[in-house]
Amino acid sequence: MASLAEKREAIAEEPVADPQARPEELRLLEALLFASSEPLDTATLAKRMPEGVDVKAALAQLQADYAPRGVNLVRIANKWTFRTAGDLAWLMTRESTETRRLSRAAIEVLAIIAYHQPVTRAEIEEIRGVVTSKGTLDVLLETGWIRPRGRRKTPGRPLTFGTTEAFLSQFSLEALGDLPGLEELKGTGMLDTRLPTGFTVPTPSDDPTLREDEDPLEPGDLELTLAPAPEPESGSGEGGDAA
Amino acid sequence: MASLAEKREAIAEEPVADPQARPEELRLLEALLFASSEPLDTATLAKRMPEGVDVKAALAQLQADYAPRGVNLVRIANKWTFRTAGDLAWLMTRESTETRRLSRAAIEVLAIIAYHQPVTRAEIEEIRGVVTSKGTLDVLLETGWIRPRGRRKTPGRPLTFGTTEAFLSQFSLEALGDLPGLEELKGTGMLDTRLPTGFTVPTPSDDPTLREDEDPLEPGDLELTLAPAPEPESGSGEGGDAA
Amino acid sequence: MTAEILSFETGRPTELAEGEPALVVDVEGYEGPLDLLLALARQQKVDLHKISILALADQYLQFIEEARKVRLELAADYLVMAAWLAFLKSRLLLPEPAVPDGPSAEEMATALANRLRRLEAIREAANRLLNRPQLQRDIFPRGNPEAIAEIRHPKYTATLYDLLTAYATQRQQGVLASVHLARRTVWSLAEARASLERLIGLPESEDWGCLDEYLVRYVAEPSQRATVFASSFAAALELVREGQLELNQKEAFAPIFFRKRPPQPPAAEPVPDMTAE
């Protein structure tokens, strides 16, 4: 095994072989900039360079050298530093999944959507007797278990929501019809047996065919429901989505 | 004031001129290695690379690329990291934070641990002919360069000590086999602590796997070796060695 | 074979207990007898392989003798070594006994030379190690590493049981809610005025009474406290303006006292009439 020391020697020899390839001041500059804990200005760099080195020219050269690399030499407020190339910002992120329990409100809304779909937000609120926060619907949309499926043909043309296949697989349901009905819910004790006679539980269906009182979604509806976009990419406005 | 984003763009344009010059995997590798504060192993790097990239070949290429530069790609304990070139030490010294000055006793003990590991305190003392003060070991443990690694299966079950990855990193060693003069010491039998030459050629190893004559550490061993808190390394501490 | 040598080795000095007065341990800066021996051997300026143990023993004994003239106390290990070297020296000078008694003098001398060589070798190795490029002294890592940002993707969990109980509970609540009338949570100004007017119609209201204490009677539950107090205070001010009531408060946030305004000569209208329904 070649030792590091041997490699170092080999390295040290190389510039001699082709001294033009790597002028010493460029080596000095890159080492200084690499090791520094903060960006350095030209004056500071010049102080550390041998006499007679044109630091500005050397920095320009170094910047050009690194331009095609994964690390670029950038100037920030007149100080120089190495930074990961802008197009590789994605590389500087690590993705991880964390398991979260749905909030009680979200589960309620999800259940109402499952049984009453297609259902609008106003209808959900009517059933729950509480205003549904935007966040709750956002979380549910994020789970991928619900989707906007159309627009109700009523004033304001509100979005109608329904469940997705991911919903079925999450809850191990073969079909939406497998959701227990009124009698089954009573049987399990989840519903009180003394409920008034008028009390019904709808027969749920996630048939994607639009109902008579539904219009298809319009272009842009899907983006709309998911906006404002969660900001994973801290990329400095490369997306230009806003345009 | 020109924004950073604008500058990034200006830089980003350049590579278009010669996209062939820089294979994407090299850009990715250098970005990852530059950005990281810790050496990264091949497996970690491979995970972040696109499918089908020969990470080892790319690392070798990158190492060659950076060899003539002021910043080199080095391997330490099978992990890769960028470091400033060794020959630029004279330039970098001003960057240096107060380097820990180890006492002569501590340096000797460190060397004995490095070359003879796994080694017990009694064995260290046998070589030096002097009792090792607790302070000396504490100072070394504090540097993070040595660690208790097990207990020797002999009466009293003394702790065995070995070096750490931080030790390799500190002394720019790719592996323990790169210790200076190791072959020579081995050849002259100097690594054999027991006077009658044994049947095995002793070779230092920082392989965390315990040797046959080692038992694992017991719970509390780590606290034990580090307590009581090492006193600041003062000159008087070393004198104690001869006591 | 190495029993004697080892016994010398295991006879190393032990560490001093804390607070115990130290003997003279510093023999001109040498770290133990071996250190001193190595230094003396080096002075011979020959390879340790070829060193004369006899000459070395002489030098050591002489050094220790001189050191003892200056400092009577000398660390025990130096003296142990001196005794051992004197013994070795005598063995080296005497002819070998016919029946070997333990290791031969030659073997003991070789063992000592080996120990010295080993110490020398490790010191050399330590030197070379220290001369290697060291991190943060000669070579440097990235000074300003860029943090790798962690993006957490939430993975939501919920069970069918959660879903069904949530639905069932929700629907039943809906049914119950339609049966009960929602409780009015606001005390209107009119209500407040009516109750105050009732109060000042009572004979005991000629004396000062505490408004807060009176109002507490109307507070059915703590959440209504604010609305009862606010409305009553506003109504009370209105009654003061109309000349039916007097309010008195010692200082800010102090309890408010009230009483029916006593009949006053300039007052045109008799107060009690106003309170009458």
Side-chain angles (χ1 to χ4, degrees), chain B residues 32 34-39 71-72 74 81-89 92-93 95-97 99 102 104-105 107-108 110-112 114-116 122 125-131 133-134 169-173 179-182 184-185 188-190 192-193 195-196 238-243, chain C residues 1-2 5-6 8-10 12-16 20 22-23 25-27 29-38 75 77-78 81 107 110-111 114-148:
Chain B
L32 278 174
F34 240 81
S36 172
S37 56
E38 308 263 296
V71 173
N72 301 149
V74 299
T81 187
F82 278 112
R83 291 280 155 86
T84 60
D87 64 319
L88 298 179
M92 310 301 298
T93 42
E95 287 288 308
S96 118
T97 47
T99 321
L102 287 178
R104 193 167 74 99
I107 290 165
E108 257 178 52
L110 176 64
I112 292 169
Y115 286 83
H116 292 267
E125 293 175 353
E126 193 180 303
I127 294 169
R128 297 187 64 226
V130 186
V131 164
S133 82
K134 178 110 178 66
S169 181
Q170 176 68 27
F171 294 99
S172 316
L173 298 164
L179 279 172
L182 185 64
E184 204 181 307
L185 285 169
T188 51
M190 289 301 165
D192 199 346
T193 43
L195 288 181
E238 283 116 62
D241 278 1
Chain C
M1 145 188 141
T2 55
I5 296 160
L6 288 175
F8 147 67
E9 283 166 352
T10 48
R12 265 165 280 136
T14 48
E15 272 181 283
L16 290 174
E20 197 178 312
L23 293 172
V25 291
D26 181 17
V27 183
Y30 292 110
E31 257 205 289
L34 218 53
D35 191 19
L36 170 55
L37 271 170
L38 187 58
D77 52 333
Y78 285 89
M81 176 61 93
E107 281 167 342
T110 310
N114 276 340
R115 290 195 74 200
L116 292 178
R117 280 174 55 211
R118 212 171 50 188
L119 183 58
E120 170 99 335
I122 205 71
R123 286 199 175 157
E124 168 62 18
N127 262 339
R128 290 174 68 175
L129 191 63
L130 281 190
N131 285 333
R132 286 195 59 77
Q134 280 194 56
L135 195 64
Q136 302 291 11
R137 188 191 74 181
D138 308 304
I139 67 170
F140 294 84
R142 177 84 190 264
N144 190 11
E146 290 163 62
I148 293 208

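Since the model is a prediction, treat every value here as computed from it, not as a measurement. Protein chains get the first letters and strands the later ones, always in sequence-line order, with residue 1 at the start of each.
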Inset, instruction - Locate the shortest heavy-atom distance separating C/L34 from C/L116; write the atom from each residue and the value. - result: O-CD2, 3.8 Å

Legend entry - Distance-only side-chain donor-acceptor flag, C/R117 / C/N114, under 3.5 Å: yes

Inset, instruction - Using non-hydrogen atoms and a 4.5 Å limit, figure out which bit of B/E184 sits close to chain C: side chain, backbone, both or neither. - result: side chain

Inset, instruction - Could you tell me which portion of B/I107 (side chain, backbone, both or neither) has an atom closer than 4.5 angstrom to a non-hydrogen atom of chain C? - result: both

Legend entry - Check: C/F140 and B/R83 side chains under 4.5 Å, non-hydrogen atoms: no

Inset, instruction - Check each of B/L182, B/L110, B/I127 against B/Y115 using the side-chain contact (heavy atoms from CB on, under 4.5 Å) test, and report the only one that passes. - result: B/L182

Legend entry - Heavy-atom pairs under 4.5 Å with chain C, option from B/S169, B/A114, B/S36 with the top count: B/S169

